[in-house]
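Step one of this worksheet: look at the structure below.
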2 protein chains.
Amino acid sequence: MSIEEDKQKQRQRAPSQRALESRARILDAAERVFARGGFDAATMRDIAAEAGVPVGLVSHHGGTKEALFAEVVARRADELSTARLQALAEVQAATEPGAGADAAALLRAFIGPYVARAEAGGAQWLAYARLVAMVSSDPRWQGLAQQHFDPTARRFVVELGRVYPQAEPAAVAECYVYAISAMLALLTSRWRIAALSGGQEGGDLEGLIAFCAAGVAARLGGVQR
Amino acid sequence: MSIEEDKQKQRQRAPSQRALESRARILDAAERVFARGGFDAATMRDIAAEAGVPVGLVSHHGGTKEALFAEVVARRADELSTARLQALAEVQAATEPGAGADAAALLRAFIGPYVARAEAGGAQWLAYARLVAMVSSDPRWQGLAQQHFDPTARRFVVELGRVYPQAEPAAVAECYVYAISAMLALLTSRWRIAALSGGQEGGDLEGLIAFCAAGVAARLGGVQR
DNA sequence: GTCTATAATGAGATAGAC
DNA sequence: GTCTATCTCATTATAGAC
């Protein structure tokens with residue numbers, strides 16, 4: 001460890017405690033501000049004010065506005081990918097060989113880690129969900145999406161295809177896109193659900209999985225093997 | 001007609017053919033440019049260039065940037081609401097009294113008119129779908145959404161609640177939000193479906209309705225009355 | 001590392017000629 | 001109605017003091 005640190009010193013000093021805090025505060029603030037109105041509505045001044053630091057410090061730690069955005073996206077995407085792949089491994093370990101996993105378990109492995117973090121009081125995770133929705137739907141950020149979201153998505157599509165081997169690959173991908181959009185809707189649009197049902201709170205993980213699992217089963221082949 | 005025109009003259013002259021064309025070109029161009037990167041990424045200069053008119057003319061016809069945005073949203077929302085309510089009336093007319101409509105027919109009445117317009121070579125409708133997704137998810141445009149989307153949405157939630165009378169209102173609204181988000185995903189993310197399935201084209205109205213109808217049935221009560 | 005001051009750019013809106 | 005020129009303001013990024 002200490003040797004590693006010495007290696008780093010060839011390039012730069014170890015960051016001070018205060019510097020690390022500033023950096024984290026700036027990233028968190030940027031996440032919230034970007035989530036509010038998208039990349040263009042956010043200004044470096046908004047982010048600085050939200051973080052409680054001077055404007056210049058945002059550029060110093062985050063680089064350009066685009067680099068800051070990319071870093072915000074990457075930070076949580078990595079944690080999420082790891083959690084999802086681990087949940088997937090657990091599902092596969094719990095399935096007896098030859099039987100094959102079922103769609104609900106796969107969906108839970110993919111959707112569960114995110115919803116769990118958001119529901120554990122994760123205001124930052126909710127803000128991040130709005131960011132994910134933007135990055136996923138705006139061709140402008142296609143590069144970011146490919147780098148951070150696609151690998152896990154492909155893996156999930158492959159596993160879902162194993163459950164429904166007779167289904168067309170495009171239909172499997174279609175179901176994946178529907179499920180993800182519903183997940184993001186749950187995370188970002190609880191207020192709308194409440195507004196449409198007279199103020200009643202609504203929407204949870206189990207309801208979402210029930211909806212998606214049935215949808216997948218109906219779309220990909222009626223009878224599940 | 002001529003008398004009507006004279007009445008108008010008290011306030012303003014009847015618009016010339018060219019003026020009407022300019023106005024329509026500007027609205028169409030604004031729709032595309034707003035759809036590309038959202039409200040803030042769009043500039044009045046982009047819109048003018050896309051429409052092939054000088055910058056000043058955009059303000060002249062569209063007013064402020066916000067007014068222009070609101071007008072773009074309103075224009076198609078009204079057409080869509082009418083088509084959806086008409087389709088709903090047809091569904092109810094075709095259902096024998098006492099039997100009750102089924103969820104798939106309701107979904108088709110709500111989703112069909114939009115997808116049909118988009119699939120009939122409607123590049124502008126696809127651009128508009130991206131706008132709808134933005135307006136629906138950004139609290140900044142809550143007023144626009146309430147004015148133009150909520151009335152039809154509420155109507156649909158009510159009808160869906162009739163099909164599943166034992167379901168909680170919040171669960172019905174939840175299903176509505178999932179279905180709409182999946183519809184928007186189909187319209188805006190065909191490229192992603194293709195990318196995830198190795199270039200194969202995928203996603204159509206019937207698949208979407210199959211997915212959503214099964215999801216609704218599973219979420220709202222298993223057995224349909 | 002932290003913070004201030006400023007340079008350079010590009011935005012929305014509008015006044016006024018045609 | 002159409003188009004040009006311009007006003008005013010807010011933005012990003014950075015140079016340089018501490």
Side-chain angles (χ1 to χ4, degrees), chain A residues 5 8-73 140-141, chain B residues 5-6 8-73 140-141 144:
Chain A
E5 275 173 28
Q8 293 269 359
K9 277 185 186 168
Q10 291 175 2
R11 297 192 156 236
Q12 73 181 53
R13 271 211 317 241
S16 72
Q17 178 87 14
R18 175 140 176 249
L20 286 174
E21 272 174 20
S22 289
R23 191 183 166 74
R25 284 159 60 83
I26 287 169
L27 282 177
D28 282 347
E31 190 167 66
R32 289 192 296 272
V33 174
F34 280 136
R36 276 208 280 276
F39 180 79
D40 296 283
T43 73
M44 299 294 258
R45 282 169 167 73
D46 291 340
I47 296 171
E50 178 90 13
V53 302
V55 271
L57 207 56
V58 176
S59 292
H60 180 71
H61 282 296
T64 70
K65 193 175 161 186
E66 299 209 351
L68 181 58
F69 186 78
E71 195 171 347
V72 165
V73 171
R140 177 184 189 179
W141 305 114
Chain B
E5 275 172 29
D6 285 339
Q8 293 270 356
K9 276 183 187 170
Q10 291 175 2
R11 297 189 156 238
Q12 71 181 56
R13 272 211 319 240
S16 72
Q17 178 87 14
R18 178 144 173 246
L20 287 174
E21 271 174 19
S22 289
R23 190 182 167 73
R25 284 159 58 83
I26 287 169
L27 282 178
D28 283 347
E31 189 167 67
R32 291 192 295 272
V33 174
F34 280 135
R36 276 209 280 274
F39 180 79
D40 297 283
T43 73
M44 299 293 261
R45 286 167 169 77
D46 290 341
I47 296 170
E50 177 89 15
V53 302
V55 270
L57 208 57
V58 177
S59 293
H60 180 72
H61 283 295
T64 69
K65 193 176 163 186
E66 298 209 351
L68 181 59
F69 185 78
E71 195 171 346
V72 166
V73 171
R140 177 184 188 180
W141 305 114
L144 272 181

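Here is the naming used below: chain letters follow the sequence lines, and residue numbers restart at 1 for every chain. Keep in mind that what you see is a predicted model, and the values were worked out from it rather than measured.
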Could you list the donor-acceptor pairs under 3.5 angstrom formed by side chains in residues 47-60 of chain B, with sequence neighbours left out?
residue: B:E50; atom: OE1; partner: B:R36; partner atom: NH2; Å: 3.1
residue: B:E50; atom: OE2; partner: B:R32; partner atom: NE; Å: 2.6
residue: B:E50; atom: OE2; partner: B:R32; partner atom: NH2; Å: 3.3

Test side-chain contact (heavy atoms from CB on, under 4.5 Å) applied to B:A41 - qualifying residues, sequence neighbours left out:
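So B:A41 forms a side-chain contact (heavy atoms from CB on, under 4.5 Å) with A:D40, A:R140.
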
Strand-adjacent residues in residues 23-34 of chain B, judged by heavy atoms under 4.0 Å from DNA chain D:
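Those residues whose heavy atoms fall under 4.0 Å from DNA chain D, taken from residues 23-34 of chain B, amount to none.
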
What integer distance in Å separates B:L57:CG from D:dT4:P?
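It works out to 11 Å between those atoms.
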
Within this structure, what is the NE2-to-P distance between A:H61 and D:dT14, rounded to whole angstrom?
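Taking NE2 of A:H61 and P of D:dT14, I get 16 Å after rounding.
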
Let me have a per-nucleotide readout for nucleotides 11-18 of chain C, 5' to 3', with B, S or -, counting only protein heavy atoms under 4.0 Å.
SBBB----

For A:S22 and C:dT2, is the shortest distance between a side-chain N/O and OP1 or OP2 below 4.0 Å?
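Answer is yes, contact under 4.0 Å.
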
Contacts of B:T43 that satisfy side-chain hydrogen bond (donor to acceptor under 3.5 Å, both in side chains) - sequence neighbours left out
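In terms of side-chain hydrogen bond (donor to acceptor under 3.5 Å, both in side chains), with neighbours along the sequence ignored, B:T43 is linked to B:D46.
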
Qualifying residues under side-chain hydrogen bond (donor to acceptor under 3.5 Å, both in side chains), relative to A:E31, sequence neighbours excluded
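For A:E31, the residues satisfying side-chain hydrogen bond (donor to acceptor under 3.5 Å, both in side chains) (neighbours in sequence not counted) are A:R76, A:Q124.
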
Do you know the tightest heavy-atom contact between A:E71 and A:L27?
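Closest approach of A:E71 to A:L27, heavy atoms only: OE2-CD1, 4.0 Å.
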
Exercise: identify the closest heavy-atom pair between A:H61 and A:S22
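Minimum heavy-atom contact is NE2-CB, 3.9 Å.
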
Under the salt bridge (charged side-chain N to carboxylate O under 4.0 Å, His left out) definition, can you give me all pairs with a residue in residues 57-69 of chain A, not counting sequence neighbours?
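Qualifying pairs, neighbours excluded: none.
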
Which pairs pass ring pair (Phe, Tyr, Trp, His ring centres under 6.0 Å) with one or both residues in residues 26-56 of chain B, sequence neighbours excluded?
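Pairs touching residues 26-56 of chain B that pass the test: B:F34-B:F39, B:F34-B:F69, B:F39-B:F69, B:F39-B:W141.
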
